[in-house]
Amino acid sequence: MNEQKPTIPELFLSPYNPQDHEDKIYKLWHESGYFNPDNLPSERTEQFSIVMPPPNANGSLHAGHALFVTVQDIMLRFERMRGKKAVWFPGADHAGFETQVVYEKKLEKEGRSRFQMTREELYAEILDFTLANKSFMEGQIRSLGASCDWSRELFTLDDKVVKIVYDTFKQLETDGLLYRGARSSNWCPKHQTSFSNLEVEHEERTEPFYYFKYGPFVIGTARPETKFGDKYVVMHPDDKRYKDYEHGQKIEVEWINGPITATVIKDEAGDPEMGTGVMTITPWHSGIDFEIAKRHNLDYEQVIDWRGKLLPIAGEFAGMDIRDARKKIVEKLEAKGLVDHIDENYHHSVPCCYKCGREIEPQIKEQWFVHMKPLAEKALIALDAKKFSFVTERDERVFRHWLTNIDDWPIARQIAWGIPIPAKVCDDCGHGMVDLENNLTTCTKCGGGVHQDPDTFDTWFSSGQWPLCVTDFGGESDDFKNYYPTSVMETGKDIIFFWVARMIMLGLYRTGEVPFKKIYLHGMVRDKHGKKMSKSKGNVIAPSEIQEKYGTDALRMALIVNNVPSTDMNLDPDKVNAYKKFANKLWNITRFVLDNTTDYEPPIEHTPEDVAFENEFLHPMVKEIHEHMDKDRFDLAAEKIYHFVWDHFASTVIEESKPLLATEGAIRASRQRMLHHYLVTSLKLLHPFMPFVTETIWQELPEKMRDSDILMVAPWPFNPDV
RNA sequence: GCGCGAUUAGCUCAGUGGUAGAGCGCUUCAUUGACAUUGAAGAGGCCGGAAGUUCGAUCCUUCCAUCGCGCACCA
């Protein structure tokens, strides 16, 4: 018969298979209640809080999501193990314009269009779509191991959010920081909405530049299709070539559709170096022209409609799409002998919609703006006073530059999917009035009738107040008191202006405090050759597929090692595979340790040799790893741990232990204790990075080895204060 | 136009004022051994170019080249 000898858990006899354990382990964590800081031991007093950037609930998670979940989860798990009262606030974003675009594409595939629906119908459909995606997406976040507190989850359309956003809107009006005015706005003829400057991309193009005869002048333009209404000719007051012309002088000009009377305007915006130094202006379709027109109180008229078609002012060209019109107009001018010459190699940048690439058409539009200068100045003062800081100083410079040159922010979007703007607009004078109670019936300025503003907020206006919302600012819980300002804001550097800057300014505005103390920005995840992932290139790496093939821990390690803060990184499946092997290595280390310590009974004294060994190698390595963690260099910490486990623990400690374990007595027992110590230390150090495999192993360890039932809340193996 | 970053092994990228590192790939060998999701050994780099600071530079300074990115209402 077989001898009855203690044995190791059977699961270590086969390789580590992530699929068998991940769901169960997440459930264990979740049911432990420790995601919620209220359930952590009450002696924990120091707080650590992070607001999760709420993912857009309009699709599945991409590699960038996996990266931020990983980085933030590492921070949370590290701080939680260090003994802090750690909380991570999860959420989901309705993502106004982004989601509406996704939904419109879906409609298009079904042969439908948003323009055939009422706003209410569209809103209701997108809401269903978004909520379905939201729960799908939350499942994916869980699968990545996110140790966030789901009991505190918030959606950007929840009442709590809307209330805070509306209060801010009202307060901005009260403080004179909000205005409604006619200004040049970035209009996308396809999406039928205006944008802030941030949503406009500038595309470098080489196009013809046309010189037309305009009375006695030659004017240059890249956009002949806008020129129908041009009746002002502008030049610099000091341009000697035109000293014989006086400001206000009328001249007769034969133009596209016949003779017109033009007026000479002397304005410093006229650049003598540019072209002939003379230009005509189209205030309705050019921001700079609009400024000139305002300075001189000039007339202006819309030439291109909201869909990008020419209006009746264009005469025979009326109704023509501007993309077709340019060539035809030049042909006509040519026929009339009004083309002076054409420069075919004009290099310039053209504003385009960041989403569809269609040329942005500047249009004069009445809308809401937030006066940003005062808000930006306060943010800069807070930065100077070190109320918050960037992990990478390069981002701080970029941030400063943008805030210093900030424009007013158009916060309205002409789309259905979003938080409605609680305001009335006067039918007569166009005056805008914030109306939270929804009871204004007459204009507060002229007494005229009013109508509801049909627009919705720029999604960044509400998400700019997100830290206030998740911490329940003005609410009944203690979260705001306990967790605001939060410890760290971790997000992509691509939204430093869209989101980070706005959160700082609006958080500071509402509460007097910047919503986070530290800003850690990560770069973009690219494919293994450094190319941007895109559906059209077919190089998109879906986290869920990688997780299935290599395990979540392996994906997390691959996303972290060599990933320098604020720098783009490449994701190579081969690299993920390397960390899959690593998880298995750890698995087999455990098998070896358990196999060789079944008879080990602590407590036992280390031999002097083993004490010396740990002092020489183990302790300095742990310290070094800790210091990388403490400085937010998780990339370096992860790599160190990898080598600690593989090269030091496995290749050195275990190999050298083999002969010692073959002996009897104190030497063997001391080595057994050392193996336990190394294994426990490795699991703890590695847990923030590879939470699933480490917790799976932890749960199988004999009680005598563990100082906590759950590794997630086990004490971190290094304390700098001791 | 203004600003920023990069240039290190075949590929993708870390890193350091003092004989150069990782992953993958490659070569050779080993293997009833905790682990073939393995082990051992190895090949492979004037650390973009030029000048400077220094006892010493891949690292600091300046210039140049190439690539990439951000910001920007120039007709």
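Residue numbering restarts at 1 for every chain, and letters A, B, ... go by the order of the sequence lines.
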Dump the pairs, protein N or O against N or O of nucleotides 72-75 of chain B, anything under 3.5 Å, distances to one decimal.
residue	atom	partner	partner atom	Å
B:A75	OP1	A:H348	ND1	3.4
B:A75	OP2	A:Y346	OH	2.5
B:A75	O2'	A:G220	O	3.0
B:A75	N6	A:D271	O	2.5
B:A75	N6	A:M274	O	2.8
B:A75	N1	A:D271	N	2.9

Protein-nucleotides 14-24 of chain B N/O pairs under 3.5 Å:
residue	atom	partner	partner atom	Å
B:A14	O2'	A:N562	OD1	3.4
B:G15	OP1	A:R633	NH2	2.9
B:C24	O2'	A:D574	OD2	3.1

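Residue whose closest nucleotide on RNA chain B sits further toward the 5' end, between A:D527 and A:S651: A:D527. When the nearest nucleotides of RNA chain B are assigned to A:R394 and A:R526 by heavy-atom distance, the more 5′-ward of the two goes with A:R394.
Computed from coordinates, the A:H529 NE2 to B:G68 P distance equals 17 Å when rounded to whole Å. Rounding to whole angstrom units, CH2 of residue A:W587 and P of B:U37 are separated by 16 Å. When the P atom of B:G39 is taken as reference, atom CG of A:N588 falls 10 Å away, rounded to whole Å. Rounded to a whole Å, the OH atom of A:Y16 is 23 Å from the P atom of B:A34. Rounding to whole angstrom units, CG of residue A:L594 and P of B:C35 are separated by 14 Å. Atom CG in A:N405 sits roughly 13 Å away from atom P in B:C71 (whole-Å rounding). Across the protein-nucleic acid pair, A:E201 atom CD and B:G70 atom C1' stand 11 Å apart, rounded to whole Å. With rounding to whole Å, A:L571 atom CG is found 12 Å from B:C13 atom P.
As rounded to the nearest Å, B:G1 and B:C60 have P atoms that lie 28 Å from one another. Separating the C1' atom of B:A20 from that of B:U28 is a span of 24 Å, rounded to the nearest Å. As rounded to the nearest Å, B:G56 and B:U19 have C1' atoms that lie 13 Å from one another. Taking the P atom of each, B:U53 and B:A57 are spaced 11 Å apart, rounded to whole Å. Taking the P atom of each, B:C46 and B:C4 are spaced 31 Å apart, rounded to whole Å. Distance check on atom C1': B:U12 versus B:G17 gives 28 Å, rounded to whole Å. Rounded to the nearest Å, the gap between the C1' atom of B:G45 and that of B:U8 is 7 Å. Rounded to a whole angstrom, the distance from the P atom of B:A41 to that of B:A22 is 13 Å.
A close approach under 4.0 Å does occur between a side-chain nitrogen or oxygen of A:K658 and OP1 or OP2 of B:A34. Listed pair A:R400 / B:G70 fails the phosphate criterion, with no side-chain N or O lying under 4.0 Å from OP1 or OP2. Between A:N570 and the phosphate of B:C13, there is a side-chain N or O to OP1/OP2 separation shorter than 4.0 Å.
Screening residues 571-589 of chain A for side-chain hydrogen bond (donor to acceptor under 3.5 Å, both in side chains) gives no qualifying pairs among residues at least two apart or on separate chains. Residue pairs meeting the side-chain hydrogen bond (donor to acceptor under 3.5 Å, both in side chains) criterion with at least one member in residues 553-563 of chain A, sequence neighbours excluded, are A:D73-A:R556.
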Dot-bracket, 5' to 3', for RNA chain B please: Watson-Crick or G-U pairs under 3.5 Å, [ ] where pairs cross earlier ones, | where the partner sits on another strand, dots elsewhere. (((((((..((((....[..)))).(((((.......))))).....(((((..]....))))))))))))....

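Judged by distance alone, the side chain of A:H285 and the main-chain N or O of A:P362 form a donor-acceptor pair under 3.5 Å. Between the side chain of A:T597 and the main chain of A:Y600, no donor-acceptor pair closer than 3.5 Å is present. The backbone N or O of A:V525 lies less than 3.5 Å from no partner atom in the side chain of A:D568, so there is not a single donor-acceptor pair.
Annotation: the span from A:I519 atom CD1 to A:M489 atom CE amounts to 8.5 Å, rounded to 0.5 Å. Atoms OH and NE2, from A:Y210 and A:H341 in turn, are 12.5 Å apart once rounded to the nearest 0.5 Å.
For A:E655, the salt bridge (charged side-chain N to carboxylate O under 4.0 Å, His left out) test picks out A:K658, with sequence neighbours left out.
Residue A:E359 forms a side-chain hydrogen bond (donor to acceptor under 3.5 Å, both in side chains) with just one option from A:R323, A:R205, A:R223, and that option is A:R205.
You'll find the ring centres of A:F644 and A:Y678 inside the 6.0 Å limit. Taking the centre of each ring, A:Y642 and A:F689 stay at or above the 6.0 Å mark.
A:K528 comes within contact range of the sugar-phosphate backbone alone, with a heavy-atom separation under 4.0 Å but no base atom that close. Counting any heavy atom pair closer than 4.0 Å across all strands shown, A:E655 reaches a base atom.
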Trace of the side-chain contact (heavy atoms from CB on, under 4.5 Å) decision for A:D267 with A:E291: CA-CA 11 Å; A:D267 190 282; A:E291 292 304 314; over 6 Å; no

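With 3.5 Å as the limit, one finds no donor-acceptor pair spanning the side chains of A:D230 and A:Y214.
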